[in-house]
Amino acid sequence: MAQKAEIKIGENSYELPIVEGSEGEQGIDIGKLRGSTGIITLDPGFKNTGSTKSAITFLNGEKGILRYRGYSIEDLAENSTFIEVAYLLIYGELPSVDALNTFKTDIKTHTLVHEDIKKILEGFPSNAHPMGVLSSLVTALTAFYPESLDPNRSGDEVNLSIIRILAKMPTFAAWAYKNEVGHPVNYPDNRLDYCSNFLKMMFALPAEEYEVDPVVANALDKLLILHADHEQNCSTSTVRIVGSSQASLYASISAGINALWGPLHGGANSAVIEMLENIKKDGGDTKKWMSKAKDKDDPFRLMGFGHRVYKNFDPRAKIIKKAADDVLDKLGVQDPVLDIAKGLEQEALSDQYFVDRKLYPNVDFYSGIIYRALGIPVDMFTVMFALGRLPGWIAQWKEMRENNEPIGRPRQIYVGENARPYVSPEDR
Ligand code: CMC
């Protein structure tokens with residue numbers, strides 16, 4: 001028999017169903033609570049609220065488990081590729097050889113963007129942040145593919161929108177960078193794989209040969225796998241909630257990019273490097289900065305530390321720390337901020353403040369160091385995160401549509417003024 005929870009309000013008791021997930025996670029279904037009691041639940045930041053049942057990503061913050069469609073992040077990072085992981089997230093299963101080849105070919109067929117999009121790009125000043133440029137160009141896709149505005153089209157038509165955004169995001173991302181540095185844009189090279197094509201569009205210069213370094217392409221591919229999905233985080237919830245109004249895929253993804261931008265979410269990867277650089281400039285005294293992070297009168301936080309759901313360790317951080325060592329070693333890069341990062345981590349792991357609050361390095365603590373070694377500039381780091389998170393956003397949007405979920409509309413507890421009459425200006 002299904003379990004039930006009981007809630008007592010005054011003299012009255014109400015039974016609420018308990019929903020159980022495939023990993024034994026339980027949630028009290030409060031969907032009918034307001035109807036029967038007139039009372040809502042209050043949970044700022046949704047720290048304790050499930051917004052959906054999802055079959056895409058499982059994570060257990062206490063045990064440090066992250067799985068996409070049942071496959072562990074460690075297994076996928078070691079053995080898979082980003083494109084294969086994208087397929088897995090979006091369609092639910094690992095692809096056959098034929099399905100994977102078709103998927104890759106489909107993506108390659110759509111990497112070019114309409115020439116008029118270049119005119120939009122040229123309208124941005126060169127100091128425009130690439131995240132703003134990226135989200136604008138993604139929204140602009142709605143104008144070039146107006147049929148995409150209707151998310152209730154046939155599966156094949158929706159799939160074409162999915163392929164298009166997967167194909168065009170690397171082009172947009174590289175072009176946002178080219179706009180920033182004032183260089184002419186490069187067109188996609190469809191002989192190359194997903195990451196190599198992106199790197200060539202980023203770094204190739206006119207009249208110069210550009211060979212993609214496979215070490216760099218592989219490292220990037222792994223970073224994108226680690227960022228590909230993370231269940232109902234801030235940007236993903238944004239994508240789902242925007243999509244729940246039946247806004248288009250492109251509008252929903254663009255909203256997700258903006259949600260990712262902030263320093264408490266995807267923006268943390270660039271904030272980490274800025275922080276490490278500041279510590280280096282300041283003489284490298286990690287103890288001083290640790291004290292600042294603990295001082296409640298100081299707004300400084302140790303960026304790249306702490307996580308909303310991981311309270312023991314972030315499994316992605318473990319993989320990334322090792323990858324940072326490997327990549328810097330293979331590329332022969334010596335980065336003094338890597339030593340500062342390791343020093344900070346060492347101190348934080350044995351510091352009572354951090355231990356008590358279960359604050360550990362998160363995925364972004366070391367990712368910026370790798371991106372830097374790959375030659376990617378700091379304000380492009382969050383764009384890289386968006387590129388990685390794209391398949392997750394698509395999968396979550398598709399699941400929400402296929403489940404025909406209702407429009408997202410939280411309630412509130414009103415704490416403002418009670419009803420009062422209008423007062424004319426001369427009487428105020
Ligand atoms: N440095 C110093 N103190 C911290 C930090 C930090 N990085 N993170 C949390 N705390 C303290 C916080 O001051 C609070 O202390 P107290 O209980 O004394 O008031 C306690 O730890 C709990 O903090 P919280 O903000 O309530 O925790 P949260 O789980 O709501 O926040 C977080 C999670 C990621 C927003 C936060 O840890 C943070 O701001 N970290 C730095 C930014 C960062 O690295 N973000 C990337 C997240 S991973 C990438 C992604 O998935 O987007």
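Counting starts at 1 for both ligands and their atoms, in listed order.
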- Among all protein heavy atoms, pick the one closest to atom 11 (C) of ligand 1 and tell me residue, atom and distance. Tyr353 OH, 3.5 Å
- Message: I'd like to know if Lys294 contacts ligand 1, where contact means a heavy-atom distance under 4.0 Å to any ligand atom.
- Response: no
- Carboxylate-amine/guanidinium contact Lys322 Asp326, below 4.0 Å: yes
- Query: Is Lys104 paired with Asp193 through a side-chain N to carboxylate O contact shorter than 4.0 Å?
  - Reply: no
- Which residue and heavy atom of the protein sit nearest atom 7 (N) of ligand 1, plus the separation: Leu302 O, 2.7 Å
- Query: Between Lys287 and Asp285, is there a salt bridge with N-O shorter than 4.0 Å?
  - Reply: no
- Message: Side chain, backbone, both or neither: which applies to Arg357 and ligand 1 if a contact is any heavy-atom pair less than 4.0 Å apart?
- Response: side chain
- Task: Return yes when Phe300 approaches ligand 1 closer than 4.0 angstrom through a heavy atom, no otherwise.
- Result: no
- Atoms of ligand 1, numbered as shown, that sit under 4.0 Å from any heavy atom of Gly266: 52 (O)
- Message: Please list, in number order, the atoms of ligand 1 under 4.0 Å from a heavy atom of Gly304.
- Response: 43 (C), 44 (O)
- Parallel, tilted or perpendicular: which describes the rings of Tyr87 and Phe103, with under 30° parallel and over 60° perpendicular? perpendicular
- Message: Taking distance alone, with N or O pairs closer than 3.5 Å, would you say Met303 contacts ligand 1?
- Response: no
- Are Glu277 and Lys281 within salt-bridge range, i.e. N to O under 4.0 Å? no
- atom 39 (O) of ligand 1: nearest protein contact (heavy atom, Å): Arg301 NH1, 2.7 Å
- Before accepting this row, confirm whether a basic side-chain N of the pair Glu399/Arg240 lies closer than 4.0 Å to the acidic partner's carboxylate O. yes
- atom 51 (O) of ligand 1 has as its nearest protein heavy atom His307 NE2, 3.5 Å
- Query: Which atoms of ligand 1 sit under 4.0 Å from any heavy atom of Ala293?
  - Reply: 2 (C)
- Looking only at N/O atoms, are Lys47 and ligand 1 under 3.5 Å apart anywhere? yes
- Message: Tell me whether Lys318 is salt-bridged to Glu74, with the criterion being a basic N under 4.0 Å from an acidic carboxylate O.
- Response: no
- Query: Near Leu264, which atoms of ligand 1 are under 4.0 Å from a heavy atom of that residue?
  - Reply: 39 (O), 45 (N), 46 (C), 47 (C)
- Taking only heavy atoms of Asp364 into account, list the atoms of ligand 1 that are under 4.0 Å away from them. 49 (C)
- Item | CZ/Arg34: more than 12 non-hydrogen atoms of other groups inside 6.0 Å | no
- Query: Which ligand 1 atoms does Ala268 reach within 4.0 Å, using its non-hydrogen atoms?
  - Reply: 43 (C), 44 (O), 45 (N), 46 (C)
- Query: With the threshold set at 4.0 Å, does a side-chain nitrogen-carboxylate oxygen contact exist between Lys342 and Asp325?
  - Reply: yes
- Working to the nearest 0.5 Å, report the span between CD of Gln334 and CG of Asp329. 9.0 Å
- Is the charged tip of Lys178 near the ring of Trp175: under 6.0 Å from the six-membered ring centre and within 45° of its axis? no
- Item | Side chains of Thr81 and Asp221, donor plus acceptor under 3.5 Å | no
- Identify, for atom 34 (C) of ligand 1, the protein heavy atom at the shortest distance, and state residue, atom and that distance. Gly306 O, 3.7 Å
- Message: What protein heavy atom lies closest to atom 50 (C) of ligand 1? Include the residue and the distance to one decimal.
- Response: His265 ND1, 3.6 Å
- Query: Does the ring centre of Phe305 sit less than 6.0 Å away from the ring centre of Phe354?
  - Reply: yes
- Message: For atom 14 (C) of ligand 1, what is the closest protein heavy atom, and at what distance to 0.1 Å?
- Response: Lys296 NZ, 4.0 Å
- Looking at ligand 1, does Met290 have a heavy atom less than 4.0 Å from it? no
- Query: What residue and heavy atom of the protein are closest to atom 33 (C) of ligand 1, and at what distance?
  - Reply: Arg308 N, 3.7 Å
- What distance separates Leu141 CG from Leu249 CG, expressed to the nearest 0.5 Å? 9.5 Å
- Message: Can you tell me which portion of Phe365 lies within the under-4.0 Å heavy-atom range of ligand 1? Options are side chain, backbone, both, or neither.
- Response: neither
- Measure Lys311 to ligand 1 on non-hydrogen atoms and call it side chain, backbone, both or neither using the 4.0 Å cut-off. side chain
- Does even one non-hydrogen atom of Leu359 get within less than 4.0 Å of ligand 1? yes
